[in-house]
Amino acid sequence: MKIPFIFILLFFSTTFSQSESVSEIRRTIKEVKAEQERETALMQTEAKRYTAFIENSKQKSVTLTEQEKSLHNQIDSIKSEINELQSKRQKALGTARYFESRKNKYAEDLSKAIDSLAIFEESDYPHKNDEAIAALKDISGQLRKTTISAEAAFGRTWEVLLERVRLGYTTETWSGNLEWEGKKIAGKFFRYKTICTVFISANGDYVLWQNSGSSNKNYKWQSADENITLRAALKETVRVAEGKTAPKLVFIPVP
């Protein structure tokens, strides 16, 4: 009786063990399948990411290629512009050098012309002549030293000449001293335009006039000496010019 019972127990134990092993195998298979499915899903996801990465890389490559082309085109365009600008710069420099040389030549010629005007003024009407000559020489000197521009020199020279021209349209009287025969004599001066200047000493003893004389541009003082009529006429001329007597026609010594 003991043996069958033992056999039954062994059989049940073996059957239970086999049933448990099959269940474990099935569970393991299920887990493996599940793991395979996860791996497959991960691989598919990675494959999609890789495909997207490759596509994105291709697009970036195309974009970079286009940008590189555009950049090369811009570089070529800039090089062309630089070459054009350099060419224009060379032309501008050449033009500037040409005008600079013309400007220097003009300044040189102008300074010579101003010097010749100063020489001309030496033989011109003597009233304020020294000031005009000194002004012209100063302008010419500054122009040669490039202290002033040619335009400024021309303008200042023109003003000096205009001032000399104005003398030919004006008259004036003033008090001063005259160097005559080694003596300094005080008296009155009367200038009539650029034709004649009359001098009457303060005591009335000296009556002189100045004009170009018989030879042109040879200005010198001449005395009325004992010519009573001439002395009286010149004194009256100065009195009328000063407004000390009524306006009237007066005598002006003209050569």
Side-chain angles (χ1 to χ4, degrees), residues 1-115 135 138-160 162:
M1 292 300 292
K2 290 183 181 180
I3 294 173
F5 179 73
I6 293 171
F7 176 77
I8 292 169
L9 287 176
L10 288 173
F11 177 79
F12 180 75
S13 175
T14 302
T15 304
F16 180 77
S17 296
Q18 289 177 350
S19 175
E20 185 179 0
S21 297
V22 171
S23 177
E24 181 67 27
I25 291 170
R26 287 177 179 173
R27 186 172 58 253
T28 301
I29 291 172
K30 187 176 181 181
E31 289 177 357
V32 170
K33 285 183 178 180
E35 185 66 26
Q36 286 179 343
E37 289 174 356
R38 284 196 299 272
E39 290 294 330
T40 301
L42 287 174
M43 289 178 64
Q44 289 175 349
T45 301
E46 289 299 323
K48 289 180 180 179
R49 288 180 181 177
Y50 177 74
T51 302
F53 172 76
I54 294 299
E55 187 64 27
N56 189 32
S57 298
K58 288 181 179 179
Q59 291 178 357
K60 285 184 178 180
S61 178
V62 171
T63 302
L64 289 173
T65 302
E66 291 175 354
Q67 290 178 349
E68 185 180 5
K69 271 185 193 177
S70 176
L71 183 60
H72 281 302
N73 292 335
Q74 290 178 7
I75 291 172
D76 292 339
S77 177
I78 291 172
K79 286 181 178 178
S80 177
E81 289 181 10
I82 290 173
N83 292 333
E84 185 177 355
L85 289 173
Q86 287 178 341
S87 175
K88 289 181 178 179
R89 180 174 178 273
Q90 291 299 323
K91 289 180 181 178
L93 288 174
T95 304
R97 284 192 293 268
Y98 169 75
F99 281 106
E100 186 66 23
S101 64
R102 288 291 300 273
K103 180 181 177 182
N104 294 336
K105 183 67 168 58
Y106 172 72
E108 181 183 352
D109 292 342
L110 181 59
S111 63
K112 290 179 180 178
I114 296 172
D115 288 337
D138 179 63
I139 293 169
S140 176
Q142 290 192 48
L143 180 58
R144 282 192 170 91
K145 294 176 182 177
T146 65
T147 305
I148 59 175
S149 65
E151 293 78 8
F154 181 86
R156 288 170 59 178
T157 302
W158 187 248
E159 282 299 319
V160 173
L162 284 180

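Just so you know, residue 1 is the first one in the sequence shown, and it goes up from there.
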How long is the straight-line distance from [atom2] of [Y] back to [atom1] of [X], given to the nearest 0.5 Å?
X	Y	atom1	atom2	result
S111	K145	OG	NZ	13.0 Å
K103	E151	NZ	CD	6.0 Å
E35	L42	CD	CG	8.5 Å
K112	I114	NZ	CD1	13.0 Å
I78	L85	CD1	CG	11.5 Å
L71	L64	CG	CG	11.5 Å

Could you tell me whether a side-chain N or O of [X] sits under 3.5 Å from a main-chain N or O of [Y], the two making a donor and an acceptor?
X	Y	value
T40	Q36	yes
S77	N73	no
S87	N83	no
T45	A41	yes
T63	Q59	yes

| task | State, to 0.1 Å, how close A107 and L143 come at their nearest heavy-atom pair, and which atoms those are. | result |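 The answer is O-CD2, 3.4 Å.
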
| query | How far apart are the C-alpha atoms of H72 and E68, what are their side-chain angles, what is the distance that settles it, and do they pass the side chain to side chain contact (heavy atoms under 4.5 Å, CB included) test? | reply | CA-CA 6 Å; H72 281 302; E68 185 180 5; 3.6 Å; yes

| query | Side chains of D115 and R144: does their closest heavy-atom pair fall under 4.5 Å? | reply |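 Yes - at least one pair of side-chain heavy atoms lies under 4.5 Å apart.
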
| Is the closest basic N to carboxylate O distance between E84 and K88 below 4.0 Å? |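 Between K88 and E84 there is a salt bridge, with a charged N closer than 4.0 Å to a carboxylate O.
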
| message | Any salt bridge linking R49 with E46? Criterion: basic side-chain nitrogen under 4.0 Å from a carboxylate oxygen. | response |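 The answer is yes: the pair qualifies as a salt bridge.
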
| query | Is Y50 atom OH crowded by more than 12 heavy atoms from other residues, nucleotides or ligands, each under 6.0 Å away? | reply |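 No, the 6.0 Å shell around OH holds no more than 12 heavy atoms from other groups.
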
| field | L110 vs T157, side chain to side chain contact (heavy atoms under 4.5 Å, CB included): CA-CA, chis, key distance, verdict | value | CA-CA 10 Å; L110 181 59; T157 302; 5.8 Å; no

| said: Looking only at the side chains, is there a donor atom on one of Y98 and R102 sitting less than 3.5 Å from an acceptor on the other? | reply: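 Indeed, the side chains of Y98 and R102 share at least one donor-acceptor pair under 3.5 Å.
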
| task | Evaluate side chain to side chain contact (heavy atoms under 4.5 Å, CB included) for E108 paired with N104, printing each intermediate quantity in order. | result | CA-CA 6 Å; E108 181 183 352; N104 294 336; over 6 Å; no

